[in-house]
2 protein chains.
Amino acid sequence: MTDRRPSLDAVQLGVYFALMEVAGLLRHAVEQQLREAGDLSYVQFQLLARLGLDSPTGSERMTDLADGVVYSRSGLTYQAGLLEKAGLVTRTPSADDERGVTVTITDAGRALLAEVLPGHVEVVSRQLFQPLTRADTEALADLLSPVRDHMRSSPPRSAAPRRRR
Amino acid sequence: MTDRRPSLDAVQLGVYFALMEVAGLLRHAVEQQLREAGDLSYVQFQLLARLGLDSPTGSERMTDLADGVVYSRSGLTYQAGLLEKAGLVTRTPSADDERGVTVTITDAGRALLAEVLPGHVEVVSRQLFQPLTRADTEALADLLSPVRDHMRSSPPRSAAPRRRR
DNA sequence: GACGTGTGCTTCGAACTCGAAGCACTGGAT
DNA sequence: ATCCAGTGCTTCGAGTTCGAAGCACACGTC
């Protein structure tokens, strides 16, 4: 019988730390650029990108958005409020489910997104992909995908068990 | 002449998003475990781990710590204060440089670190490495290392230009 | 050895973040 | 039809985060 107690060897620890450090540094670099280019926080950019680029309709429900960007629901309410105040998105009650709120990107939102995107891409390109060959990038994609899928299968934040009353 | 304007293709975009999502989800999972096991935030754990595991002496200067965990200096002052109040680290003026502050992990800090580490490792192991083979892990290590080194070479946070007076 | 720029850390205020609790609607069971 | 547990979102309070400004020391030049 093998050791049930999982442990991490040096390589694994290295990967873990490197992953977190890379993500942290990248996020930082990106955050700075976004702040300068469009006065957006990273989260706000993520929300706009998700609505403007990933979603065919430009709309999504709050919870899906929150899970998509790995963010707390209450935090999303706050950020969505800011974006709405800035006229970049609109919030409307969902058609089918009266509880739900649908967030939709506005034309102004799309315009701002288009404005900051080149610089954003530039930073990511330089920081993340410069040291990687084409083949490296593809290898990385193949390695990260299963991990992401695996992690997603864990119950998402929104499914956090509620306190028993 | 190739296009000077960097752009990201679908694969690169996927890698970028996957990377950030994986890091975010992993951080979350780990954060929960740490909170339950030892009432530590992720940052606090990182600080203790860096002092207790990476540093031979168990000490490091504030700025190095801040850069190491990708964190603002002022934030580090705050967290170091909390850790000190909890008796997990000590802060003493540096011997050679009167401006510097050396942070050192205490025995209590080491004890707590040892206590939460197994659970931490367990979470990382399950969330991050379960879908990866041994070879995958090594490949990932080889891919992330150059990226991390590349990013580190950019001026660190602490070197942020100060406002001209 | 006095000056002045640079660096290390802290303080400060404002903004952000989170989970818990609360409110509103849904959908299945009775 | 009524209940009630489940879900979607917001509100709330407490804690955290950041950059800018401030203070103290270091190290170069003169």
Side-chain angles (χ1 to χ4, degrees), chain A residues 24 27-29 31-32 34-36 39-47 60-86 89 91-103 155-165, chain B residues 24 27-29 31-32 34-36 39-47 60-86 89 91-103 155-165:
Chain A
R27 180 175 170 140
H28 239 278
E31 214 147 40
Q32 269 184 301
L34 287 173
R35 186 70 63 188
E36 290 168 14
D39 209 45
L40 286 175
S41 72
Y42 180 63
V43 185
Q44 291 170 340
F45 170 78
Q46 275 189 302
L47 296 176
E60 251 187 288
R61 287 188 328 148
M62 293 285 282
T63 296
D64 296 337
L65 266 182
D67 289 342
V69 298
V70 190
Y71 207 62
S72 75
R73 284 140 161 266
S74 51
L76 179 58
T77 295
Y78 177 72
Q79 288 294 349
L82 291 185
L83 287 176
E84 186 176 37
K85 200 174 302 179
V89 305
R91 276 191 291 188
T92 55
S94 286
D96 49 335
D97 187 337
E98 199 62 34
R99 294 167 299 179
V101 170
T102 300
V103 182
R157 310 167 62 92
S158 47
R162 295 221 187 166
R163 212 173 72 83
R164 232 142 251 288
R165 63 167 56 186
Chain B
R27 179 176 170 139
H28 239 277
E31 214 146 41
Q32 270 184 301
L34 286 173
R35 186 70 63 189
E36 290 168 13
D39 208 46
L40 286 175
S41 72
Y42 180 62
V43 186
Q44 292 169 340
F45 170 77
Q46 276 188 301
L47 295 176
E60 248 186 292
R61 287 189 330 149
M62 293 284 282
T63 295
D64 296 336
L65 266 181
D67 288 342
V69 299
V70 190
Y71 207 63
S72 74
R73 285 141 160 267
S74 51
L76 179 58
T77 295
Y78 176 72
Q79 287 293 349
L82 291 185
L83 287 175
E84 186 176 37
K85 199 174 301 179
V89 303
R91 275 191 290 187
T92 56
S94 284
D96 49 334
D97 187 336
E98 199 62 33
R99 293 168 300 180
V101 170
T102 300
V103 183
R157 309 166 63 90
S158 48
R162 294 220 186 166
R163 210 174 74 83
R164 225 135 256 300
R165 61 169 55 190

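Quick note on labels: first sequence line is chain A, next is B, and so on, each numbered from 1.
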Query raised in the report: Shortest non-hydrogen contact from A:Ala66 to A:Ser72?
Result: CB-O, 4.4 Å
Requested in this report: Can you tell me the distance, in whole Å, between the CE atom of B:Met62 and the P atom of D:dC25?
Outcome: 17 Å
Report summary line: Side-chain atoms of A:Arg61 come closest, of D:dG19, C:dC9, D:dG8, to D:dG8
Query raised in the report: In whole angstrom, what separates B:Leu76's CG from D:dG19's C1'?
Result: 15 Å
**Report entry** Rounded distance in Å - CG (A:Asp96) to P (D:dT7)
**Finding:** 16 Å
Query - Those residues that, when tested against A:Arg35, pass salt bridge (charged side-chain N to carboxylate O under 4.0 Å, His left out) (two or more places apart) - result: none
Report summary line: Result for side chain to side chain contact (heavy atoms under 4.5 Å, CB included) between A:Val103 and one of A:Leu47, A:Asp64, A:Val89, A:Leu83 points to A:Val89
Report task. For the side chain of B:Asp97, starting at C-beta, report the closest nucleotide among C:dC9, D:dC18, D:dA26. Result -> D:dA26
Query - Shortest side-chain distance from B:Thr63, nucleotide among C:dC9, D:dC9, C:dA24 - result: C:dC9
Report summary line: To the nearest angstrom, the CD-C1' distance between B:Gln32 and C:dC18 comes to 12 Å
Query raised in the report: C:dT26 base to A:Arg99 side chain: any donor-acceptor pair below 3.5 Å?
Result: no
Can you name the atoms? Protein N/O to nucleotides 11-16 of chain D N/O, anything below 3.5 Å, with the distance.
{"unit_1": "D:dT16", "atom_1": "OP2", "unit_2": "B:Tyr78", "atom_2": "OH", "d": "2.5"}

Report summary line: Atom CD of B:Glu60 and atom C1' of C:dG8 are separated, to the nearest Å, by 15 Å
Donor-acceptor pairs under 3.5 Å, side chain of residues 74-81 of chain B to any protein atom, not counting sequence neighbours: which ones?
{"unit_1": "B:Thr77", "atom_1": "OG1", "unit_2": "B:Arg73", "atom_2": "O", "d": "3.3"}
{"unit_1": "B:Gln79", "atom_1": "OE1", "unit_2": "B:Gln44", "atom_2": "NE2", "d": "2.8"}

Query raised in the report: Who passes side-chain contact (heavy atoms from CB on, under 4.5 Å) against B:Glu36, sequence neighbours left out?
Result: none
**Report entry** By salt bridge (charged side-chain N to carboxylate O under 4.0 Å, His left out) - contacts of B:Glu98 (at least two apart)
**Finding:** none
Report summary line: When rounded to whole Å, the CG to C1' distance for the pair A:Asp67 and D:dT7 reads 13 Å
Query raised in the report: With B:Ser94, which residues qualify under side chain to side chain donor-acceptor pair (under 3.5 Å), at least two apart?
Result: B:Thr102
Requested in this report: Using whole Å, report how far CD of A:Gln46 lies from P of C:dT17.
Outcome: 11 Å
Query - Atom-pair distance (CD on B:Glu98; C1' on C:dG8), nearest Å - result: 12 Å
